[in-house]
Amino acid sequence: MRYDRQIKLDEVGVSGQEKLRKASVLIVGVGGLGCPAAQYLTGAGVGKIGLMDHDTISITNLHRQVLYDENDLGKPKALVAKQKLHRLNSEVELIAIEEALTKDNAEQLFNQYDLILDGTDNFETKYLINDACILAGKPWVYASIYKNEGQLSVFNYKNGPSYRCLFPKTTRQNVSCEATGVLGVVPGIFGMLQAMEALKIILGVGKELSGKLKISNLLSGSEQILNFQQRPEEIEKVKKIGIMQVRMDCEMIDSDKKYLDVREAFEQPKVTAANVIHIPLGELGHRSNEIPKQEEVLVFCQSGKRSQQAVAMLQTDFGFQNLKNVKGGIKTITNG
Ligand SMILES: Nc1ncnc2c1ncn2[C@@H]1O[C@H](COP(=O)(O)OP(=O)(O)OP(=O)(O)O)[C@@H](O)[C@H]1O
């Protein structure tokens, strides 16, 4: 009875409903994208749904994270999501995972699910999901939001193209909803589109977005679908090296600012933007005249240690007053 209205569809039927009941989906990030995706997958009767999020609910989440209400403030998202979804469909096995996805727990966790749905908001986690999916042999449904625009794709489906095939360059900058703002409807719609891709994959119907990137601007109404190819060398690299952790530095997002990179020339990742000056720590003594003195300069290295020394030295020995150390540095760590 519960599923009558979808069972009536030729694409579903009783056998499709059985497929849904036997399927399992892990939703990583139960925020603006993850909440609506979780609601529709639970409603549709997907047998097992993992809800993973290490965050707690804040008032600024409520305009778009539709599983939560004012009584939930301060509570863990994964737990509250599980409780709310259980009221919607008690036949679904719901598993709350109150942890962040990391390089250490990803692969083992992904092995327990058929499909991963990405509801996260940062590049580090998206690369992590990608690499762990390649290693565990699982497809994943991706979405990403920037202001009124969203992207949607399916990666690693039947060994198809991966996120690294589309975005091989990992030196990117995170931009959060907190920084840019977003109307709740935008992640809402994309979360639902993700649920649709997940249902198509589970049911084996329709045309899933493997090798295609859908980009829609919900303000202008424009929409495009880009085709992209597999880059076998990217996939082989992950298989050989394992999960390649990528760390972005949020302070790097501003193209209006000046940066000083005090790392050696061979250090990875290379930052080639025009507003970055490269002077290794050991050469600062005789090259300080290359650094602008009047405007603010953000100084960085790999971990934040050398840049701290550089700032101190440039201040005391050369009278710089507008330098700022980027704490934590910029890092791309491979475990290979
Ligand atoms: N590595 C991770 N493991 C598990 N959950 C993650 C991970 N990275 C991000 N998330 C979760 O993904 C969700 C993304 O939600 P959303 O983009 O709506 O933003 P938010 O972080 O909740 O809010 P805001 O950006 O406004 O502060 C968050 O709940 C966040 O905790």
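On a predicted model such as this, the values are computed, not experimentally measured, just so you know. All ligand and atom numbering here is 1-based and tracks the order in the structure.
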Proximal ligand 1 atoms for [X], defined as those under 4.0 Å from one of its heavy atoms:
X      : answer
Leu101 : 1 (N), 2 (C), 3 (N), 4 (C)
Asn61  : 22 (O), 23 (O)
Ala100 : 3 (N), 4 (C)
Gly32  : 15 (O), 16 (P), 18 (O)
Gly31  : 15 (O), 18 (O)
Asn122 : 8 (N), 9 (C)
Gly29  : 5 (N), 11 (C), 12 (O)

Next on the checklist: If hydrophobic clusters are built by linking Ile, Leu, Val, Met, Phe, Trp and Tyr wherever their side-chain heavy atoms come under 4.5 Å apart, do Leu67 and Ile97 end up in the same one?
Outcome noted: no
Checklist entry - What residue and heavy atom of the protein are closest to atom 17 (O) of ligand 1, and at what distance? => result Asp121 CB, 3.3 Å
Next on the checklist: Quick test: of every protein heavy atom, which one is nearest to atom 31 (O) of ligand 1, and how far off is it to 0.1 Å?
Outcome noted: Asp53 OD1, 2.7 Å
Tell me whether [X] contacts the main-chain N or O of [Y] through its side chain, where contact means a donor paired with an acceptor under 3.5 Å.
X      : Y      : value
Gln194 : Asp118 : yes
Arg64  : Gly184 : no
Asn105 : Thr102 : yes
Lys239 : Ile134 : no

Checklist entry - Does Gly119 have a non-hydrogen atom less than 4.0 Å from ligand 1? => result yes
Checklist entry - Of all the heavy atoms in Arg64, does at least one lie under 4.0 Å from an atom in ligand 1? => result yes
Checklist entry - Of the non-hydrogen atoms in Tyr3 and Asn89, which two are nearest, and what is the gap between them? => result OH-ND2, 2.9 Å
Would you indicate whether the side-chain heavy atoms of [Y] and [X] approach each other to under 4.5 Å?
X      : Y      : result
Ile129 : Leu101 : yes
Gln315 : Gln321 : no
Leu213 : Ile215 : yes

Item to check | Lys77 contact mode with ligand 1 (heavy-atom cut-off under 4.0 Å) | outcome: side chain
Item to check | Polar contact flag for Leu33 and ligand 1 (N/O pairs, less than 3.5 Å) | outcome: no
Checklist entry - Can you find an N/O atom of Thr125 closer than 3.5 Å to an N/O atom of ligand 1? => result yes
Checklist entry - Would a line drawn from the ring center of Trp140 to the ring center of Tyr163 be shorter than 6.0 Å? => result yes
Next on the checklist: I want to confirm something. Looking only at heavy atoms, which of His54, Glu124, His63 is nearest to atom 6 (C) of ligand 1?
Outcome noted: His54
